[in-house]
Student: 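Here it is: the structure, laid out below.
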Amino acid sequence: QHNPHWWGNRNTIVHLFEWKWSDIAQECESFLGPRGFAGVQVSPVNENIISAGRPWWERYQPISYKLTTRSGNEEEFGDMVRRCNDVGVRIYVDVLLNHMSGDFDGVAVGTAGTEAEPRKKSFPGVPYTAQDFHPTCEITDWNDRFQVQQCELVGLKDLDQSSDWVRSKLIEFLDHLIELGVAGFRVDAAKHMASEDLEYIYSSLSNLNIDHGFPHNSRPFIFQEVIDHGHETVSRDEYKDLGAVTEFRFSEEIGNAFRGNNALKWLQSWGTGWGFLPSGQALTFVDNHDNQRDAGAVLSYKSPRQYKMATAFHLAYPYGISRVMSSFAFDDHDTPPPQDAQERIISPEFDEDGACVNGWICEHRWRQIYAMVGFKNAVRDTEITGWWDNGDNQIAFCRGNKGFLAINNNLYDLSQDLNTCLPAGTYCDVISGSLIDGSCTGKSVTVNENGFGYIHIGSDDFDGVLALHVDAKV
Ligand code: QV4
């Protein structure tokens with residue numbers, strides 16, 4: 001279940017973290033479809049516990065499988081899926097199969113009004129009772145398979161996926177989403193569930209809904225959250241044949257490289273050469289909603305110049321099933337999404353350039369990022385050729401004769417005639433500007449009969465990347 005069911009030449013999933021369904025529907029029609037995005041990963045859809053201050057992570061604490069959250073209700077969800085599918089943008093849901101909520105004093109009331117007593121492992125909205133869960137224990141040794149898979153991840157009540165009842169409820173939940181037209185699932189905390197149980201669940205799911213434009217017998221796309229830095233007892237390899245797996249080493253290594261801890265010239269062997277999963281099994285990303293909150297090597301919107309370079313490389317280099325993050329601004333781990341005084345999530349607002357202004361970051365609306373989604377669409381099915389580097393942090397390569405990328409992460413200029421592999425002509429650099437009505441608002445590069453062009457990326461240029469492709473020929 002590795003096929004994401006993208007439309008045409010599209011690529012790249014955007015995670016619209018904490019967005020409302022009605023806003024996503026609108027975004028599919030007005031931005032994502034026209035810009036050639038392939039899909040959206042949406043925040044959890046089923047009812048969750050309500051936590052004081054409304055941190056984003058309350059949505060990782062389910063109460064029932066009713067489709068009502070702060071992002072909207074079932075009707076709004078269904079409307080979003082239909083409208084996105086209509087413009088060729090697939091929806092992938094973040095699903096919590098591992099657990100229900102953590103402890104809560106007394107009776108908890110969820111976002112759909114359902115009551116539960118998590119401390120007693122009582123979730124009548126499903127219903128689940130204590131016998132549907134593993135006995136309570138804490139994970140103290142992350143290399144102990146029993147603890148990782150049968151104890152409680154940060155105290156979240158741990159469902160027993162070997163039980164017929166639990167399996168049937170999970171399958172029913174996922175099938176309901178398939179019926180509504182989704183293309184697949186991000187499986188949260190997959191590492192904390194036995195792969196045999198997941199295999200049973202995935203293989204029991206319905207085919208995708210043909211009324212939403214999926215071909216007959218299409219299987220739901222599955223990408224599993226398994227954090228494997230290497231040498232872990234529960235490894236990514238146990239899951240990779242069931243569906244794609246989040247390749248966290250990609251995120252860590254790309255952060256390292258673009259932070260300057262590893263010379264970019266080494267990226268020539270990027271991908272499996274770095275010990276990553278085979279391309280078709282790897283869900284790749286520069287940052288995700290968890291690791292953007294951790295200190296460390298991972299890059300996020302908070303380091304925009306390096307982040308844009310890393311994202312350009314991510315989308316230009318032919319490796320992995322790519323996902324870009326679209327964040328809201330945060331100060332600390334618990335910062336809630338933009339909300340009003342009644343704790344309702346607010347809609348993003350845009351300035352005249354289309355950038356988000358009211359607490360939403362919307363990396364996917366940064367020109368340097370959506371232009372690279374366009375680049376990736378333009379160069380589809382080409383190989384990487386003509387690698388060049390300066391032995392340090394300046395690199396360049398071609399994608400067949402359709403695209404060319406150059407990056408300068410040195411503290412001195414890149415000024416050089418380079419082989420762009422492109423047909424002769426003038427091309428607009430889609431990073432520093434756009435091609436509008438036949439003229440380029442940024443740098444342009446003239447390519448001669450031999451495919452060479454003069455490439456300049458000053459060390460103090462606004463961006464350290466230059467990208468040319470055949471769909472942006474002046
Ligand atoms: C607290 C204590 C615990 C204690 C517990 C007892 O910290 O030590 O056992 O109380 O009741 C929130 C709080 C957390 C609290 C917990 C339970 O932050 O302090 O525990 O609730 O009340 C998200 C957030 C978590 C959040 C959780 C549930 O990141 O902070 O916990 O949602 O609301 C590993 C896993 C990987 C996981 C990653 C974070 O292998 O699978 O940790 N990633 C996924 C999601 C992530 C999500 C979860 C899993 C849980 O990507 O966003 O956690 O669904 O690497």
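Note that ligands are numbered from 1 as they come in the structure, with each ligand's atoms numbered from 1 the same way. The figures that follow rest on heavy atoms only: side chains count, while hydrogens, waters and symmetry mates do not.
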Student: Note the single closest protein heavy atom to atom 33 (O) of ligand 1, along with its residue, its atom name and the distance in Å.
Tutor: Trp57 O, 2.6 Å
Student: What are the two closest heavy atoms between Ser206 and Ile178, and how far apart are they?
Tutor: O-CD1, 3.6 Å
Student: Starting from atom 39 (C) of ligand 1, what is the nearest protein heavy atom, named by residue and atom, and what distance separates them?
Tutor: Asp290 OD2, 4.0 Å
Student: Ala189 near ligand 1, heavy-atom distance under 4.0 Å?
Tutor: yes
Student: Test the Arg167-Tyr200 pair against the cation-pi criterion, namely NZ or CZ under 6.0 angstrom from the six-membered ring centroid and within 45° of the ring axis.
Tutor: yes
Student: Determine, using heavy atoms of Arg293 and all atoms of ligand 1, whether some pair is separated by less than 4.0 Å.
Tutor: no
Student: With a 4.0 Å heavy-atom cut-off (strictly under), which part of Leu156 contacts ligand 1: side chain, backbone, both or neither?
Tutor: side chain
Student: Counting only heavy atoms on the protein side, is anything nearer than 4.0 Å to atom 7 (O) of ligand 1?
Tutor: no
Student: May I ask whether atom 55 (O) of ligand 1 is less than 4.0 Å from at least one protein heavy atom?
Tutor: yes
Student: Give the atoms of ligand 1, by number and element, whose distance to some non-hydrogen atom of Ile227 is under 4.0 Å.
Tutor: 55 (O)
Student: Looking at ligand 1, does Glu138 have a heavy atom less than 4.0 Å from it?
Tutor: no
Student: Among His212, Met80, Glu74, find the one that has a side chain to side chain contact (heavy atoms under 4.5 Å, CB included) with Leu180.
Tutor: Glu74
Student: Locate the shortest heavy-atom distance separating Thr335 from Phe328; write the atom from each residue and the value.
Tutor: O-CE1, 3.3 Å
Student: Starting from atom 29 (O) of ligand 1, find the nearest protein heavy-atom neighbour and note its residue, name and distance.
Tutor: Trp56 CH2, 3.4 Å
Student: Between Glu252 and Arg249, is the closest basic N to carboxylate O distance under 4.0 Å?
Tutor: no
Student: Out of Glu58, Arg59, Gln61, whose heavy atom is nearest to atom 22 (O) of ligand 1?
Tutor: Gln61
Student: Does NZ or CZ of Arg293 fall inside the cone over Trp56's six-membered ring, less than 6.0 Å from its centre and within 45° of the axis?
Tutor: yes
Student: Could you walk me through whether Tyr60 and His289 pass ring-ring contact (aromatic ring centres under 6.0 Å, His included), step by step?
Tutor: CA-CA 12 Å; Tyr60 290 85; His289 72 279; 5.4 Å; yes
Student: Tell me whether His192 reaches ligand 1 (any heavy atom closer than 4.0 angstrom to a ligand atom).
Tutor: yes
Student: Hey, which atoms in ligand 1 end up nearer than 4.0 Å to a heavy atom of His99?
Tutor: 50 (C), 54 (O)
Student: Does atom 14 (C) of ligand 1 have a protein non-hydrogen atom under 4.0 Å from it?
Tutor: no
Student: Nearest heavy atom to atom 48 (C) of ligand 1 wins, so pick from Thr136, Asp188, Asn48.
Tutor: Asp188
Student: Regarding atom 17 (C) of ligand 1: of the candidates Val226, Val154, Val187, Asp294, which has the closest heavy atom?
Tutor: Val154
Student: Which protein non-hydrogen atom lies closest to atom 43 (N) of ligand 1, naming both residue and atom, and how far is it?
Tutor: Glu225 OE2, 2.8 Å
Student: Would you kindly say whether Asn48 and Gln61 are connected by a side-chain donor-acceptor distance under 3.5 Å?
Tutor: no
Student: One residue to check: His333. Relative to ligand 1, which of side chain, backbone, both or neither has a non-hydrogen atom less than 4.0 Å away?
Tutor: side chain
Student: Give the atoms of ligand 1, by number and element, whose distance to some non-hydrogen atom of Arg186 is under 4.0 Å.
Tutor: 45 (C), 51 (O)
Student: Does Glu18 pair with Arg59 as a salt bridge, N-O distance under 4.0 Å?
Tutor: yes
Student: Does Trp142 have a non-hydrogen atom less than 4.0 Å from ligand 1?
Tutor: yes
Student: In terms of relative ring orientation, are Phe276 and Phe250 parallel, tilted or perpendicular, with 30° and 60° separating the classes?
Tutor: tilted
Student: Quick test of your reading of the model: are Glu383 and Arg399 salt-bridged, counting only N-O distances below 4.0 Å?
Tutor: no
Student: How far is atom 42 (O) of ligand 1 from the closest protein heavy atom, and which atom is that?
Tutor: Leu153 CD1, 4.2 Å
Student: For atom 2 (C) of ligand 1, is there a protein heavy atom at a distance under 4.0 Å?
Tutor: no
Student: Using a strict cut-off of less than 4.0 Å between a Lys/Arg side-chain nitrogen and an Asp/Glu carboxylate oxygen, indicate whether Asp86 and Arg83 qualify as a salt bridge.
Tutor: no
Student: Counting from 1, what ligand 1 atoms have a heavy atom of Gly155 closer than 4.0 Å?
Tutor: 9 (O)
Student: Quick one: closest heavy-atom pair of Arg367 and Ile431, and the distance?
Tutor: NH2-O, 2.8 Å
Student: Salt-bridged, Glu247 to Arg323, with N to O below 4.0 Å?
Tutor: no
